[in-house]
Visitor: 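Handing you a structure now.
None of the values given here were measured: they were computed from a predicted structure. Naming convention: chains lettered A, B, ... in sequence-line order (proteins, then strands); numbering from 1 in each chain.
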Protein chains: 2
Amino acid sequence: MLHLQINPNSGVPVYRQVMDQIKYYIASGLLAAGEQLPSIRALATSLAVNPTTIVKAYTELQHAGAVEMKQGKGAFVAESVGGLSEKQLSKALQQLARQLAVEAAQMGATSQQVIEAVQEELKKVQHD
Amino acid sequence: MLHLQINPNSGVPVYRQVMDQIKYYIASGLLAAGEQLPSIRALATSLAVNPTTIVKAYTELQHAGAVEMKQGKGAFVAESVGGLSEKQLSKALQQLARQLAVEAAQMGATSQQVIEAVQEELKKVQHD
DNA sequence: ATGACTGTATGATAACACCCATACAGTAGC
DNA sequence: GCTACTGTATGGGTGTTATCATACAGTCAT
C-alpha cells in the first residue's frame, strides 16, 4: 500500500515530501512503470491531509513526467521516456553536481567522502 | 570587485542567487577566509537591488557559518571551522547524494555520467 | 442507471517569501 | 566631533505557497 512517512512540522511542504518519496520509490524500482499509485483520496486519508495536497504532489509529478493521471481510472507511474537531449542532460547534471559539491565543501567533506556517498545512493537507485 | 551575475526573472530569488554564487566563490577559493566581502550597499547598487536583499543573503550565509558580519566594519568570509560531527556530516551527505541520485535517475542519466559530473565539480571546489 | 470508485475544478484563507523605502547605530579617518 | 563609510532594524506592499472545504465530472462493475 506504499507507506509514506510525512513530517508536517519539518518546514518542507507536505506535497514536496510526498513527491520526493514517490520519486525515490520510482527511481529505486519499488514502483514499476505503469503501476497504479494509491488514489488521491486514499493517500490523503492515509496521511491525514487534504486531498488537494496530494493533487498538488501528483500534478507536479505529472509535469515532471514521472506520473500519468487518467480521470476516472487513477494515477500511474509513467513509462519513463527521458525526453532530454544529451546536452540538456549534461547541463542539468552539472548543475546538480555543483550544488552537491559546494554544499559538501562547505561542510568540510573530502572528495572521497562525497564520491562514496553518491555511489552508495546510486546503487540504491540505478539499474545500469 | 567580485562580479556576480544575477537574473531577476529566473524564478530563483535574487538573495539566493547571491548566496549560491558567494558560496561557490568561497568553496573554490576565489574568496579566501578572512577576506572582506563587498559592502551591503556597494553590492546592492552594483546589482541594482535593494540593500535589504543583500542583507538577507549575507545574514543567511552568516547563519550557515560561511560569513561573518561586524557592524561598522564590514562582512568577511568566515574562518571555516566545520562544526559538524562525523555522524552529522555523513547523514547530511547521504541526503544530498540521494537527492542527486534520484533526480539523475529520473532524467535517465547513467551512474557513470553522474559520477563523472560530480568528480568534475569537486575538482573545481575541493583542495584535498 | 445506480453506486462507488477514480481524477478535476473552484474559491477561501492563513502563512510566508520577496523586495522595497527609510531610519537607526557602530567604526574609523580627518 | 564631523564625515563617510560600515552593518542593523522596522514596517509595508505584493505576490506566491500551502492547505483546506466543497462541488463537479469521468469510469466501470453490478
Visitor: Using a cut-off of 4.0 Å on non-hydrogen atoms, how would the nucleic acid contact of Tyr15(B) be classed: base, sugar-phosphate, or nothing?
Guide: sugar-phosphate
Visitor: Would you kindly give the CE-to-P distance between Met19(B) and dC19(C), to the nearest whole Å?
Guide: 13 Å
Visitor: Taking atom types as modelled, find out whether Glu86(A) and Gln113(B) have a side-chain donor-acceptor pair closer than 3.5 angstrom.
Guide: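 Yes.
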Visitor: Check whether any side-chain heavy atom of Leu47(B) lies under 4.5 Å from a side-chain heavy atom of Val18(B), and answer yes or no.
Guide: yes
Visitor: How many Å lie between CD on Gln36(A) and C1' on dT6(C), as a whole number?
Guide: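 Those two atoms, CD and C1', are 8 Å apart.
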Visitor: For the pair made of CE in Met69(A) and C1' in dA25(D), what is the distance, rounded to whole Å?
Guide: 15 Å
Visitor: Assign each of Arg41(A) and Pro8(A) to its nearest nucleotide of DNA chain D by heavy atoms, then name whichever residue's nucleotide is nearer the 5' end.
Guide: Pro8(A)
Visitor: Do the side chains of Glu68(A) and Lys73(A) get nearer than 4.5 Å, heavy atoms only?
Guide: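 Side chain of Lys73(A) against side chain of Glu68(A), heavy atoms only: no contact under 4.5 Å found.
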Visitor: So does Lys73(A) get a side-chain nitrogen or oxygen closer than 4.0 Å to the phosphate oxygens (OP1/OP2) of dG7(C)?
Guide: no
Visitor: What's the CD-C1' distance between Gln71(B) and dA4(D), to the nearest Å?
Guide: 15 Å
Visitor: Nearest whole angstrom, please: distance from the P of dT19(D) to the NZ of Lys56(A).
Guide: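 The answer, rounded to whole Å, is 8 Å.
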Visitor: Is the distance from OP1 or OP2 of dC18(C) to the nearest side-chain N or O of Thr53(B) less than 4.0 Å?
Guide: no
Visitor: Can you measure Ile54(A) atom CD1 to dA21(D) atom P for me and round it to whole angstrom units?
Guide: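 Spelled out: CD1 on Ile54(A) to P on dA21(D) is 13 Å.
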Visitor: Between Asn50(A) (CG) and dT19(D) (P), how many Å, whole number?
Guide: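 Going from Asn50(A) (CG) to dT19(D) (P), I get 10 Å.
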Visitor: May I have the distance from Glu60(B) (atom CD) to dC18(C) (atom P), rounded to whole angstrom?
Guide: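 From Glu60(B) CD to dC18(C) P: 9 Å.
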Visitor: Base of dA18(D), side chain of Thr52(A) - is there a donor-acceptor contact under 3.5 Å?
Guide: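 Between dA18(D) and Thr52(A), which were checked side chain against base, a qualifying N/O pair under 3.5 Å is absent.
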Visitor: Examine the side chains of Glu116(A) and Gln112(A) and answer whether a donor and an acceptor come within less than 3.5 Å of each other.
Guide: yes
Visitor: Compare side-chain N and O positions of Ser39(A) against OP1 and OP2 of dT6(C) and report whether any pair is under 4.0 Å apart.
Guide: yes
Visitor: With rounding to the nearest 0.5 angstrom, report the CG to CG distance, Leu100(A) to Leu100(B).
Guide: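 These two atoms lie 5.5 Å from each other.
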